[in-house]
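Taking it in order: structure first as structure tokens, then the write-up.
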Amino acid sequence: MEGLRKGGFGSHLASLAAALLASVGAAFLLLYAFSSSFGEALGLFFLGPFQNAYYFGNMLGAASGLALAGLAAQFAFSARTFNLGGEGQLYLGAIAATAACLALPEESGLLGKAIGLAAGSAAGALLGALSGFLRRRLGVDELLSSFLLSSALVYAGDFLVSGPLQDPASNFQTSPAVPEGLRFARLLPPSSLSTAALLALAALAAAWFILGRTRFGFELRLSGKNAEFARYCGIDAGRYAAASLAISGALNGLAGAALILGTYNKAMKGFSAGLGWTGIAVALVAGGSPLALLPAALFFAYLDAGAKAVMIGADVTSEIVGVIQAIVFFLVTARALDSLVARRAAARAGRAAGGRG
Amino acid sequence: MRTKVSIALLAAFALLSSPLLAAPLRIAVFVPGVRAGNAIYDGMVRGVERAVAESPGSSLKVYEAGFNQAEWEEKLTSLVASGGYDLLVTSNPSMPALCAKVGQSFPEQRFLCLDGMLAGNPRIHTVLYNQTEQGYVTGYLAGLATTGPLPGANKDKKVGFLIAQHYPVMDKIIAPGFERGLKAVDPGIEVDMRVLGNFYDASKAADLARSMIAAGCDVILPICGSGNEGVYKASTAAGTYAVVFDGDDFARAPKAILGCTVLHQDELAYAKVKAALAGGLPYGKAEVVSMKDGYIEFLDKDPAYLANLPAPLRAKMADLVSRIKSGKLALSVPGL
Amino acid sequence: MKSLQDLSGILGAAGAAMAPLLYASLGGLLAELSGLLNIALEGLILIGAFAAAAAAGASRSLLVGLAAGAAASTLLAALFGLATLKGKANEFIAGLAANLLASGLAVLLSSRLYGTKGLLSFDIPSIPRLELASLAKLPILGELLFGQDALSYGSWLAAFLAWLLVAKSPLGLRLRAAGSNPKALAALGLSPERYRLAAILLSGLGCGLAGACLSLRLSAYVPGISSGRGWIALVAIYLGGRRPLGVLAACFLFAAADGFANYAQGFLEAPADFILALPYLLTLIALVAGAGARRLRGRD
């Protein structure tokens, strides 16, 4: 079984490479059709992120946030639950971390950072756990409850940021910045890359260990793969489903907190919009392995960095960039995820059959 | 004697040749949002484009930064770092602080921030519109309409106000100005203020407008970007009215729109960039422009205005505008 | 509630606001039943709205607009369907990609055809309404039942047709089998993939009508006009228990919650953010209450 997964990972990389080549072709055509400075635009799109330390650092900084958000989605997937609440969990996690850090003194240092991260994770975990509870106790589909809860709470986050937490001295809708001493150190200033990237790496490694090497992880995956068999083995599958949602929420909250302490330093209205969705895409491209999240997150960050570089350096508008990204999405995912799709369809069929019975 | 003559000659030469002497500039425009559907940003770009077109050798880069304000700092930094631009033009009350921050890493960069205010930074020149005046004039018009004999007006002294969202300039300047204008007509006028939640959902804006109309509003001021369209459509269908902020929208709903108080952002951007090309932007200074300067204007010549507002009310509007322009009615804008 | 007249107004507005949700949700339901999660509803609505407004504006005909909206969305849905069914692309990412593609394409087309990326206003005939003014004045349900436009009544008809198809026809049985038991279908010599593709195309048709509903009622196209309705429609599929009439109820519930939130802004002193969150919260509460009630009655 382990071998099978490793084989899946290898062919996965191969298809990713093929998709990359195909996306170069697609970008080539589109930039040729819509840009007046074709060569320059093409170069910027693919090489722009490596043009200087600032772009490069921003790309790595963005990738660390994507990796955490991707891990959050993946944790839910590994128990075959669907957490569509990433947007709200990330945002509220970030706001909780900001509020905690604003209440702490500058000197609290490492402990203060830990408290901030814990506050963010706790907020995310609470939201995830609520969906888990509703699924376990009332049979409410977590796909629905997490989406609805998150959509409602994004507005609560907006209210907090532009109301009680609003920085009175700013014309942005934003909280004040957290104390200097509580921020992660920048690794490539002034870019957004910070020691939060190390946190993301640590989280990936921890998840890899927990999911692959511990009894908890084994039972979690088993209960998702085959609830009937898990029950036969004496595993409470429902509890694992609820736990996976809580952990997924906590990871989203952690991602939000890390963005505050590492990149943005203050909670601005809607700052993380879209990251929850992209996290799901990252997780799907990565398949089932936490370690594969790293190249997947880097790839998405690279696409985005290329888009930013080409918009600044050439006369290419954001729409063309959006269309190129869409095509790359299609290509990257096509055929790459055969097995996951099949497994999900099987899980769905099983669930539908169970629901009717 | 000879020196005097030569000085005079030099002066005359300088005077005559100053447009020629104007050194070409590399200019970047940073749009904090998107240009489409935003009269202010669109005006800024058009004004700068015109000035650059008249200056051979000057170049222009327009960059749209999108709606996520948290990304603006990174994008502004990238833009400034990428090009070696002589002047960066932008527009938004929140931009001066951001320009000041980015300017710390790029001491040579000069900034022109329209629609914002920051004094004392030697790299930045800001120009703020007196939006208290703009709000007041629009409120006065809405007040005259809801209390007046217009065919679509009802007995309720109630005016609708649909905003996209709350933000500091809205809450501190525009809304209070609008309310002051209304109360100047009749202190009993009520404002029904509602929030759309974004700048584009015109269908929901139409729903909200219908709900406001059902609640007795006969005039609505929408400040919600493309969402305005929904208010115009709903007001036209119901036979009620809208008053307009920032842009000249008469053609979009000639039956419903009573008046537009516009900002001539294109003219302001043009004049300021012209001054920059001539080497004369007062960096470090924060300027305020108002109706008297011509950059805020109440459009009173459009056929729709003449048709929709009865002559006695038009006379009252003309009187108000002249009182503001002459300084008899002083409406100062609070600092940001 | 200030008066029964207000209530009738809110319900009437909800009936109108429900129509685009319902068209999209019914289409998404067919895809879901056939075994494909269609995340692309949002983008499909957007492209439908654009095509409908552009075609209706050019032809001055509502029918041409409706047809163009339906055709454009169906075309994009076909791309999505081919990517997922033939290319074995992940349905979620392919859906996100279709959404990105739709908003990018709409802007590119808009700037190529009309020279602007912003608002496009068209001269489009207004949508015919039921002229039963006296009945529409009836309390409570008057406006909902008798004060709607043709597109609203069309959405009810669509729900009825979807119910006939899904619950009463052999075709619907096979469509559901493609989702719940594809092997059995294949054993009968029928291709589940063919049913899925048909369902995806129908979801494109539904979203095209939904988009047409939005832009033809406004006689304008605004970038971002779908404004999250595709996601709401997706939720309504599950909230409605994956049944056409349940979807009808769910869409109405959401539209009514939204209508009430719009109305409440006029007198509630609560912060606007909370009122904007209300539709999602009310839907969630309904979902939880429904599940709780089912538990209590011991079904499930």
Side-chain angles (χ1 to χ4, degrees), chain B residues 31 33-39 41-42 64 67 158 160-167 170-171 190-217 224-234 236-237 247 249 251-254, chain C residues 2-3 5-6 8-10 12-14 16-17 19-20 49 107 110-111 114-121 124 126 129 143 211 213-229 255 258-277 279:
Chain B
V31 179
V34 297
R35 187 180 164 184
N38 186 314
Y41 296 155
D42 192 51
E64 291 181 316
F67 291 116
K158 199 165 174 188
F161 189 14
L162 181 63
I163 63 172
Q165 56 181 40
H166 287 279
Y167 46 94
M170 173 58 70
D171 297 340
E190 247 186 280
V191 184
D192 182 349
M193 185 178 195
R194 305 199 192 186
V195 180
L196 177 59
N198 59 54
F199 286 91
Y200 47 81
D201 193 344
S203 300
K204 185 172 164 117
D207 285 345
L208 277 161
R210 279 189 284 268
S211 177
M212 280 193 262
I213 292 166
C217 300
C224 47
S226 312
N228 285 9
E229 188 70 12
V231 175
Y232 300 157
K233 288 279 152 64
T236 305
D249 284 356
R252 279 161 63 180
Chain C
K2 283 182 183 166
S3 73
Q5 197 60 49
D6 283 357
S8 173
I10 293 170
V107 178
S110 169
S111 53
Y114 304 101
T116 173
K117 296 183 206 169
L119 173 95
L120 300 172
S121 196
I124 297 174
S126 57
R129 312 186 67 87
E143 295 225 3
C213 223
L214 293 173
S215 63
L216 293 183
R217 278 175 173 168
L218 267 182
S219 22
Y221 169 81
V222 185
I225 193 169
S226 47
S227 195
R229 287 179 181 80
D258 204 38
F260 178 74
N262 285 345
Y263 170 78
Q265 278 205 33
F267 57 86
L268 268 189
E269 289 295 323
D273 289 319
F274 286 122
I275 295 177
L276 294 170

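A, B, ... follow the sequence lines: proteins, then strands. Residue 1 opens every chain.
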Margin query: side-chain contact (heavy atoms from CB on, under 4.5 Å) for B/Val31 and B/Asn38? Distances and angles first, verdict last.
Written below: CA-CA 10 Å; B/Val31 179; B/Asn38 186 314; over 6 Å; no

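- When each of B/Asn228, B/Asn198, B/Asp192 is scored by its heavy-atom pairs under 4.5 Å with chain C, the top score falls to B/Asp192.
- Per-residue heavy-atom pair counts under 4.5 Å with chain C were compared for B/Ser203, B/Gly230, B/Ser226, and the maximum is reached by B/Ser203.
- Aromatic ring pairs are classed by plane angle as parallel below 30°, tilted from 30° to 60° and perpendicular above 60°; the pair C/Tyr263 and C/Phe260 is tilted.
- For B/Glu190, no part lies under 4.5 angstrom from a heavy atom of chain C.
- With chain B as partner, the option from C/Ser227, C/Ala261, C/Pro271, C/Ala17 having the largest number of non-hydrogen pairs under 4.5 angstrom is C/Ser227.
- Between the side chain of C/Glu143 and the backbone N or O of C/Ala13, no donor-acceptor pair lies under 3.5 Å.
- Neither the backbone nor the side chain of C/Asp273 comes within less than 4.5 Å of any heavy atom of chain B.
- Under the side chain to side chain contact (heavy atoms under 4.5 Å, CB included) criterion, B/Asp42 pairs with B/Arg35, B/Arg46, sequence neighbours left out.
- Both the backbone and the side chain of B/Asp201 come within contact range of chain C, with heavy atoms under 4.5 Å apart.
- Residues of residues 206-215 of chain B having a heavy atom under 4.5 Å from any heavy atom of chain C, listed by number: B/Asp207, B/Leu208, B/Ser211.
- Contact of the C/Ser121 side chain with the B/Lys233 side chain is registered, since non-hydrogen atoms from C-beta on lie closer than 4.5 Å.
- Considering CZ of B/Phe199 and CG of B/Leu196, their distance stands at 9.0 Å, rounded to 0.5 Å.
- Distance NE2/B/His166 to CE/B/Met193: 5.0 Å, rounded to 0.5 Å.
- Heavy-atom pairs under 4.5 Å with chain C peak, among B/Ala202, B/Gly227, B/Gly197, B/Gly160, at B/Ala202.
- The structure places OG of C/Ser215 at 10.0 Å from CG of C/Leu120, a figure rounded to the nearest 0.5 Å.
- Side-chain N or O atoms of B/Asp249 include none that pairs as donor or acceptor with a backbone N or O of B/Arg252 at under 3.5 Å.
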